[in-house]
Protein chains: 2
Amino acid sequence: MKTVYERADIVPLLAEIFRELGYEGTSLSRITERTGIGKGSLYHFFPGGKQEMAGAVLADVDGWFEHAIYQPLRKDDADQAIAAMWTNVNDYFCSGRRICLVGAFALDETRERFSAEIGDYFIRWIDALRSALMRAGCPEGEAQTLAEEGVAGIQGALVLSRALDDRMVFTRALDTLAKRLDAVMR
Amino acid sequence: MKTVYERADIVPLLAEIFRELGYEGTSLSRITERTGIGKGSLYHFFPGGKQEMAGAVLADVDGWFEHAIYQPLRKDDADQAIAAMWTNVNDYFCSGRRICLVGAFALDETRERFSAEIGDYFIRWIDALRSALMRAGCPEGEAQTLAEEGVAGIQGALVLSRALDDRMVFTRALDTLAKRLDAVMR
DNA sequence: CAATCATTGTACCGATCGGTACAATGATAA
DNA sequence: TTATCATTGTACCGATCGGTACAATGATTG
């Protein structure tokens, strides 16, 4: 018996493991244990080993945010895009049950491995949000501060809700942030 | 030649290493490499091994916050204590260069090892801040939300400033948070 | 059918992991 | 001085680490 995988199917599985265990905590044996995918397959699709696996996961995450969050913020109706951001972020992070892999990588030495990808992810999030805020009538300086506050607030809400093991904390924090940005736009 | 240590001197050294490398990323050999302390000494002071070392570091961090942040928030003049919190937090985290070990542990599976300590640290921070806010004239419901927002905001600012490798982001975020809490108090 | 080739399971590699055992060291106290 | 005892350096343990080699598998193509 022999199961055949595709690279595109493996990446989301890897993502969940890196999210839960972190980069250092993720070992090849635990990947095999939790997915059934052997080393042969893993090194066939990711010849660069663990580093390439994590890199592929980061690229996948980045692609999702670019499509689902950043592009709407840059191009669509500002009010609608910002409203959609809150609901999409709440769904994506499962109300705080899931964490942000990029944020987690930023905290420890894993950052050194992926500093470019990590920086890009947040820079583009903040820029896209600021763009939407300005189109909604917010002056530039205030829009930059608000955008940073919103993105940082989401990351902090993830930390806090996991620390307290309380998903309501995340949803509540998102709600407070949404109201704050809303208030400045009109 | 033989260097003699005390447990109290070792803990801060361990703290810095756990902060930079995370729990899984911190190995005994790297501790020895960066501190010169051998396994003999480490297991003499921490018979429980790595878990006890990290536990001692968490207790040390908790003690510092209890003394320098929480107690003033609960007992001293509210305005002064909150103002002191911002400057002390900015100093403690070196304007975002240092991260919060408790928050980092909360993000990955390390949380399972120390869930009680992690939960306590944040619960007491939020409670103390809410107490100060209420004494400063903030109604209870709003004080709870603001306290959570403040603590989460600090954690998010740490993530963001490290991700962007920009310490100004941290100082700016702290400033924005301070102004926000200040506005509601009067 | 035969040949090709992407994919997979498994055995194996040296290095490092967390942890233990214990003798050497050196300060303290009788 | 001698005995005691906390402290340390070092050698060692089995397990696991990330990674490699390669033959077996099986779908695809001519």
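Chain A is the first sequence line, chain B the second, and so forth, proteins listed ahead of strands; every chain is numbered from 1.
- Without hydrogens or angle criteria, A:Y23 side chain to A:A104 main chain gives no donor-acceptor distance under 3.5 Å.
- Of the candidates C:dG18, D:dG19, C:dG9, C:dG9 carries the atom nearest the A:S41 side chain, counting heavy atoms from C-beta on.
- Here the P atom of nucleotide D:dT25 and the OH atom of A:Y5 are 18 Å apart, to the nearest Å.
- Under a 4.0 Å N-O distance rule, the pair A:R34/A:E16 does not qualify as a salt bridge.
- Base pairing analysis places C:dA3 opposite D:dT28; the two distances defining the Watson-Crick or G-U wobble pair are each below 3.5 Å.
- Spacing between atom CD1 of B:I37 and atom P of C:dG18 amounts to 15 Å, rounded to whole angstrom units.
- For the residue pair B:Q144 / B:E148, a side-chain donor-acceptor distance below 3.5 Å is found, with atom types taken as modelled.
- When rounded to the nearest whole Å, the span between CE of A:M53 and C1' of D:dG18 equals 9 Å.
- Near DNA chain C, defined here as any heavy-atom distance below 4.0 Å, the residues from residues 22-33 of chain B are B:T26, B:S27, B:L28, B:S29, listed numerically.
- Straight-line distance from the CD atom of B:E52 to the P atom of C:dG18: 15 Å, rounded to whole Å.
- Remark: the B:K39 side chain and the C:dG19 base include a donor-acceptor N/O pair separated by less than 3.5 Å.
- At least one side-chain nitrogen or oxygen of A:H44 sits closer than 4.0 Å to the OP1 or OP2 atom of C:dT7.
- Residues A:Y5 and A:F45 keep their aromatic ring centres 6.0 Å or farther apart.
- Checking C:dT8, C:dC12, D:dT8 against the side-chain heavy atoms of B:V4 singles out D:dT8 as nearest.
- Counting to the nearest Å, the C1' atom of C:dT16 and the CG atom of B:L21 are 15 Å from each other.
- Rounded to an integer number of Å, the gap from OH of B:Y43 to C1' of C:dA23 is 20 Å.
- Computed from coordinates, the A:R7 CZ to C:dT8 P distance equals 13 Å when rounded to whole Å.
- Salt-bridge annotation for B:R74 and B:D127: absent, with no side-chain N of the basic residue lying under 4.0 Å from a carboxylate O of the acidic one.
- The partner of C:dA29 is D:dT2, judged by Watson-Crick or G-U wobble contacts that both fall below 3.5 Å.
- What separates CD1 of A:I10 from P of C:dT8 is a distance of 7 Å, to the nearest Å.
- Geometric assessment of B:R98 against the ring of B:Y92 yields a positive cation-pi assignment under the 6.0 Å and 45° thresholds.
- Around atom CD of A:E6, no more than 12 heavy atoms belonging to other residues, nucleotides or ligands sit under 6.0 Å away.
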